2 protein chains.
Amino acid sequence: MASLLEGQARPIRLADIAKAAGVSHGTASNVFSRPEIVRAEVRERVKAVAEQMGYAGPDPKGRLLRAGKVNAIGVATTEPLSYFFDDPFARVMMAGISEACDATGAGIALVSAANQEKLAWNIQSALVDGFILFCIEGGSRLVDLTRERRLPFVALELGFQDETVSAIGVDNVAGARLAARHLADLGHRRFAVLSLAFADNRTGFATPEIVRGALYTGTRDRLAGYFEELSRFGIDTAKIPVYETENEEKSTRAGLEAIFAKGEQPTAILAMSDRMALIAIEWLKARGLSVPGDVSIVGFDGVPDGALCTPPLTTIAQPITEIGRRAARMILDHDGAVRRETMGVKLIVRASTGPARKG
Amino acid sequence: MASLLEGQARPIRLADIAKAAGVSHGTASNVFSRPEIVRAEVRERVKAVAEQMGYAGPDPKGRLLRAGKVNAIGVATTEPLSYFFDDPFARVMMAGISEACDATGAGIALVSAANQEKLAWNIQSALVDGFILFCIEGGSRLVDLTRERRLPFVALELGFQDETVSAIGVDNVAGARLAARHLADLGHRRFAVLSLAFADNRTGFATPEIVRGALYTGTRDRLAGYFEELSRFGIDTAKIPVYETENEEKSTRAGLEAIFAKGEQPTAILAMSDRMALIAIEWLKARGLSVPGDVSIVGFDGVPDGALCTPPLTTIAQPITEIGRRAARMILDHDGAVRRETMGVKLIVRASTGPARKG
DNA sequence: CATTTTTATTGGATCGATTCAAATTTCCGC
DNA sequence: GCGGAAATTTGAATCGATCCAATAAAAATG
């Protein structure tokens, strides 16, 4: 059996079957793709020959070229592929995308590249009908590269100035304001911000210049939202430390060290992602500070993990799954139009926030 | 700009560029795929024409047919696509697969089908160089379907009689024995087993006939391991209730209800997956039983969640990531041979197991 | 039985690129 | 300025199917 298979230098093509069965390749093709239009007798004969010759069925590679449609959507990021399975935000988003794909029978192709050259190649050679872009670090480059493919694509997060790019995101300003107001209402007056990146490859305290020159407007908007709202409470936002992290453990911890090394310690932390918020909770607990007794924290995103940690995280929830679903549908029923959708967010109060300690 | 693009009825082909630039297709092709062999002057001219005509670069669809290799591996399951992002075992496995793919620059295509007809079509039309099969429920059908594609494939879990199928799995008997011995050593004498499926679409107490007729030998082996070891401690395994679940919440809870409804309640539960074990811990706690005070539990798999729950789960850890890596590599550097690898497992003692309560 | 209609089959064109042997140019040294 | 080596370029062949207009065969109609 095995030797029989190995004997075949080249895989069998549809044309081979056609010849062996004494029919034209057109008819042979029909036997597989539109069996109802070929006479039963012929159909069975061809199928029998195919079976006997060990034909694997019409090769999708060939069909693809003719059909033009791959029936799969590509999901791309500049992170390693494992990001899709590790990161809680990405996972919920993928669940939404999966749902839409399952419904229409489309497949999902994961595309990534840790390094720059491969990124280009992977985007250029991905067999997909369109892309959904996870725009984190390096998102702008990802968009540029994808644009060159001239396939439909959607950026997740509206963090791009560029209005010619389809995108789905949330109202960052409104969300940030909700978070800030919640804390201010609880009496907090000393804040610190754990920020996402304003531009690529940066960490550390963000100066006003950095904020003004922000490449990622999503980050800028969230900060603007925080500040706008806090100003209304008479808080001097210029004094609030804003630490830019890479949204992972190491730089977030570094940020916390830096923030708490300063003289006046904050009683409330505004984190631009749940991931950072969760790391902050761990860090504070390890340092003997109580959450929310000593420090209150509000996250951003609304990932499921936030509900499970101790204490459960107060956060600004995005409709992540719905965003994923919509993004997928945008690609699946693409009509050539550029769409930019802004979804609403809501404040979910759990136990990581409490009244500011007196004094 | 937009109108310019829309004006083009058909996307531009490499041949169009070649004609416009006054070179042959061969040369035009080289400009993109092997630029170093074409004269600088010509290269720039062709590139300029391409740029100006809005050429999207060589279409992977065309390239694919010629090249034959997709450079992507398909990961298939009979669960909905979201399984890959939800299930903890699958996620760790995917991390391993991702790692191997990242290393070689290969892509990952997720293939699934809730319903049977689409499954067939999705497997048949997936653009991949090979498959990794998550063999859960319905695994045998998945294998049959995949075999027809005549592409390399690996089954995860050795749960198949069929020795002609490449597979990677663990030593189920040895793992189960470790679990059973651990509990027996702690003095437990009354057991219950939360079992995976012996065949498709079954739940409920498993009779000896069902066990003997097992389609999934992985399940059979784990049970055999449990029983072998317990027998050595003089325990009558015929009296141990074995409840077959679908490895999800509903049927697992049903199993627990059924097990604890019986007269003599177990002091130890052997769960064939961490997922069931975790559900069992929740169920027991909700019922007012202490873990491990009243009931000890040992899981199987070693997913990260097991370390985080309360109490942390004692389990038989599989090298999940490593299995994923190897599976991916098997496809990536496939040599036509059938390989069946058995990986070792180890007992990880955490806090869900303790000495049997006296009396 | 001739004629029209319906149903099946054929074979060439096409999808969009890459490859490679052969033809052509360019480059060198003398 | 010439011969031969080296560097470029050409264009036909190929990858594996699907599509479709034309043709052939079978069935229905008069």
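Protein chains get the first letters and strands the later ones, always in sequence-line order, with residue 1 at the start of each. What you see is a predicted model, and the numbers here were worked out from it, not measured in a lab.
Distance CD (B:Glu36) to C1' (D:dA6): 16 Å, rounded to an integer number of Å. Rounded to whole Å, atom C1' of D:dT14 lies 19 Å from atom NZ of B:Lys61. Put simply, CG on B:Leu127 is 14 Å from P on D:dG16, counting in whole angstrom units. Taking atom NE2 on A:His25 and atom P on C:dA13, their separation rounds to 11 Å, with Å as the unit. Here the P atom of nucleotide D:dT9 and the CZ atom of B:Arg43 are 10 Å apart, to the nearest Å. Here the P atom of nucleotide D:dA27 and the CZ atom of A:Arg39 are 9 Å apart, to the nearest Å. In this entry the distance linking CZ of B:Arg63 with C1' of D:dC15 reads 14 Å, nearest Å. Atom-to-atom, CG of A:Leu14 to P of C:dT10 comes out at 13 Å; the value is rounded to the nearest Å.
Side-chain atoms of A:Tyr216 and A:Asp200, non-hydrogen and from C-beta on, do get closer than 4.5 Å to each other. For the pair A:Glu341 and A:Met330, the minimum side-chain heavy-atom distance is below 4.5 Å.
Here CD1 of B:Ile132 is found 6.5 Å from SG of B:Cys101. Values are rounded to the nearest 0.5 Å.
For B:Asn30, taking side-chain heavy atoms from C-beta onward, the closest of the listed nucleotides C:dT10, C:dT19, D:dC19 is C:dT19. Listed nucleotides: D:dA17, D:dT18, C:dT10. Nearest to the side chain of A:Ser33: D:dT18.
Side-chain atoms of B:Arg66 and base atoms of D:dT14 include a donor and an acceptor less than 3.5 Å apart.
For B:Ser29 and C:dA17, the shortest distance from a side-chain N or O to OP1 or OP2 is not below 4.0 Å. Contact annotation: A:Thr27 side-chain N/O to C:dT9 OP1/OP2 distance is not under 4.0 Å.
Among the protein residues, B:Tyr55 comes within range of the sugar-phosphate backbone only, with heavy atoms under 4.0 Å from sugar or phosphate atoms but none that close to a base.
Relative ring orientation between A:Phe85 and B:Phe85 is described as parallel, the plane-to-plane angle staying below 30° on a 0-90° scale split at 30° and 60°.
Using modelled atom types, no side-chain atom of B:Asn30 and backbone atom of B:Pro35 make a donor-acceptor pair closer than 3.5 Å.
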